[in-house]
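Structure first, then comments.
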There are 2 protein chains.
Amino acid sequence: MLAEVKINPREKIFLTATRMFRETGFSATSMRNISKELGIEAASLYSHIQSKEEILREICFRLAAEFFEVLQTLENSEEGPEEKLKTLITAHIKVLTRDTNASAVFLNEWRHLSEPFHSRFMDMRQKYEHAFRSILKEGIRLGKFKAADEKFMALTILSALNWTHTWYSPEGKMSPEQISDQLYSIILNGIKN
Amino acid sequence: MLAEVKINPREKIFLTATRMFRETGFSATSMRNISKELGIEAASLYSHIQSKEEILREICFRLAAEFFEVLQTLENSEEGPEEKLKTLITAHIKVLTRDTNASAVFLNEWRHLSEPFHSRFMDMRQKYEHAFRSILKEGIRLGKFKAADEKFMALTILSALNWTHTWYSPEGKMSPEQISDQLYSIILNGIKN
DNA sequence: CCTACCGATCGGTAGG
DNA sequence: CCTACCGATCGGTAGG
């Protein structure tokens, strides 16, 4: 009962800050900007959060965790590389479109993380990229995908996926599933043997 | 003779600032950071430049102009949509890889432009995107490309191209031409009918 | 290119 | 959640 009282303002701060970080960038958004938007004084924010960076940290690592959950489900999968790729693309787009403000911050503002969080974040990013690459490598080995530089292919695919958050809208004409289906189709045609 | 003396320090400031804007972001890079890197006092920068934003403005609009030059050459072209697409992709990658620091700033920091530059920049961006779309539309009309949402296609293609600056290196194993050939091949296979 | 300095604003704390 | 405030730093100017 008592704990419940404190949950709401903290979440409100996070939602507002996330949107403002997306629009203006982490560094150019001040605590006073955020507090004004919420109709309170800047000092009052600190009853609910520890620091400005705590907000950035939570956003970045919450999304990173969601992306890693996707990898987990693939780990024991018996599917072929095409199916794995489709599963990964679908899940990736699902995470990215769920909260486009958070996605934009996750993709663009992580470099403002201080150590050791900055390094930790880059490690996770690297691991995710590698999981992507290993699916492509498997496909190449099995002769399903074109024999090309799979690092180049992985980066190209990921960049195409990671642009979705800039234009996706829940009210738009494409659902997350339709987006991933189309992307998968373009990508598979682009790389298949 | 006399003018020549002033050219060099200004360019040095621009090069250093561009690199630092890319690494740390425009807002988080202070004039004192830049001056320290150059071994001078912050106040001394203002003998060569007008303001911090002038640097950002020059980078963004210089690259924008280069991208528009590409469009110009295509305007009177008699090529078909596939050839036009290939020409555009090749030129786009050429511009992006020429100075990856400037490209990163151009792509990520333009939102810190103040008015009226911010609006002007977004207009140019929009126009470029439209030129891309009209090539795709022509390809669809002629039955060369798949009948899909060409806005979606254009954004997907551009995002794949616009990631190149993050990993391209002049010392790397792929030349700009090889990169654009590979990208064109993936993209064309992905969208052709 | 420097010293000296401006007003504004920053993230954050003390104490209630 | 507020008032009052901290030291640090910001972009930029005056004057040489």
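Proteins come first, then strands; the chains are lettered A, B, ... in the order of their sequence lines, and each starts at number 1.
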Using whole Å, what does the distance between atom [atom2] of nucleotide [N] and atom [atom1] of [X] come to?
X     : N      : atom1 : atom2 : result
B/K36 : C/dC1  : NZ    : P     : 18 Å
A/F26 : C/dG11 : CZ    : P     : 8 Å
A/R32 : D/dT3  : CZ    : C1'   : 13 Å
A/L38 : D/dC1  : CG    : C1'   : 12 Å

TODO: Would you indicate what A/S27 reaches in the nucleic acid, counting non-hydrogen atoms under 4.0 angstrom: base, sugar-phosphate, or nothing?
DONE: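 Counting heavy atoms under 4.0 Å across all strands, no contact is made by A/S27.
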Open item on the list: Is it the case that D/dC1 (base atoms only) and A/S47 (side chain only) share a donor and an acceptor within less than 3.5 Å, ignoring hydrogens and angles?
Closed with: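 Side chain to base: pair found, below 3.5 Å.
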Nearest-nucleotide pick for [X], side chain only, options being [options]:
X     : options               : answer
B/S44 : D/dC1, D/dT3, C/dC2   : C/dC2
A/M31 : D/dC2, C/dT3, C/dG11  : C/dG11
A/E41 : D/dG12, C/dC1, D/dT3  : D/dT3
A/H48 : C/dG12, D/dG11, D/dC1 : D/dC1
B/A43 : D/dG11, D/dC5, D/dA14 : D/dA14
B/I40 : C/dC2, D/dC1, D/dG12  : C/dC2

TODO: Report the base-pairing partner of D/dG7 (Watson-Crick or G-U wobble, both distances below 3.5 angstrom), or none.
DONE: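 With both distances under 3.5 Å, D/dG7 matches C/dC10.
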TODO: Return the nucleotide paired to D/dG16: Watson-Crick means purine N1 to pyrimidine N3 with N6-O4 or O6-N4, wobble means G-U with N1-O2 and O6-N3, both under 3.5 Å.
DONE: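 C/dC1 is the nucleotide pairing with D/dG16.
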Open item on the list: Looking at A/S30, I'd like to know whether one of its side-chain N or O atoms comes within less than 4.0 Å of OP1 or OP2 on C/dT9.
Closed with: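 For A/S30, the contact criterion (side-chain N or O under 4.0 Å from OP1 or OP2 of C/dT9) is not met.
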Open item on the list: With a 4.0 Å cut-off on N to O distance, would you call A/E66 and A/R62 a salt bridge?
Closed with: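 So A/E66 pairs with A/R62 through a salt bridge.
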Task: Presence of salt bridge, A/E79 and A/K84, under 4.0 angstrom - done: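 Salt bridge flag = no for A/E79 with A/K84.
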Task: Atom NZ of A/K144 with >12 non-hydrogen neighbours under 6.0 angstrom - done: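 At most 12 heavy atoms, drawn from other residues, nucleotides or ligands, come within 6.0 Å of this atom.
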Task: Side chains of B/E115 and B/S119, donor plus acceptor under 3.5 Å - done: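 Yes, because at least one side-chain N or O of B/E115 sits under 3.5 Å from a partner of the opposite role on B/S119.
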Open item on the list: Looking only at side-chain N and O atoms, does A/E177 offer a donor or acceptor that is under 3.5 Å from a partner on A/T90?
Closed with: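 Not at all, the side chains of A/T90 and A/E177 share no donor-acceptor pair under 3.5 Å.
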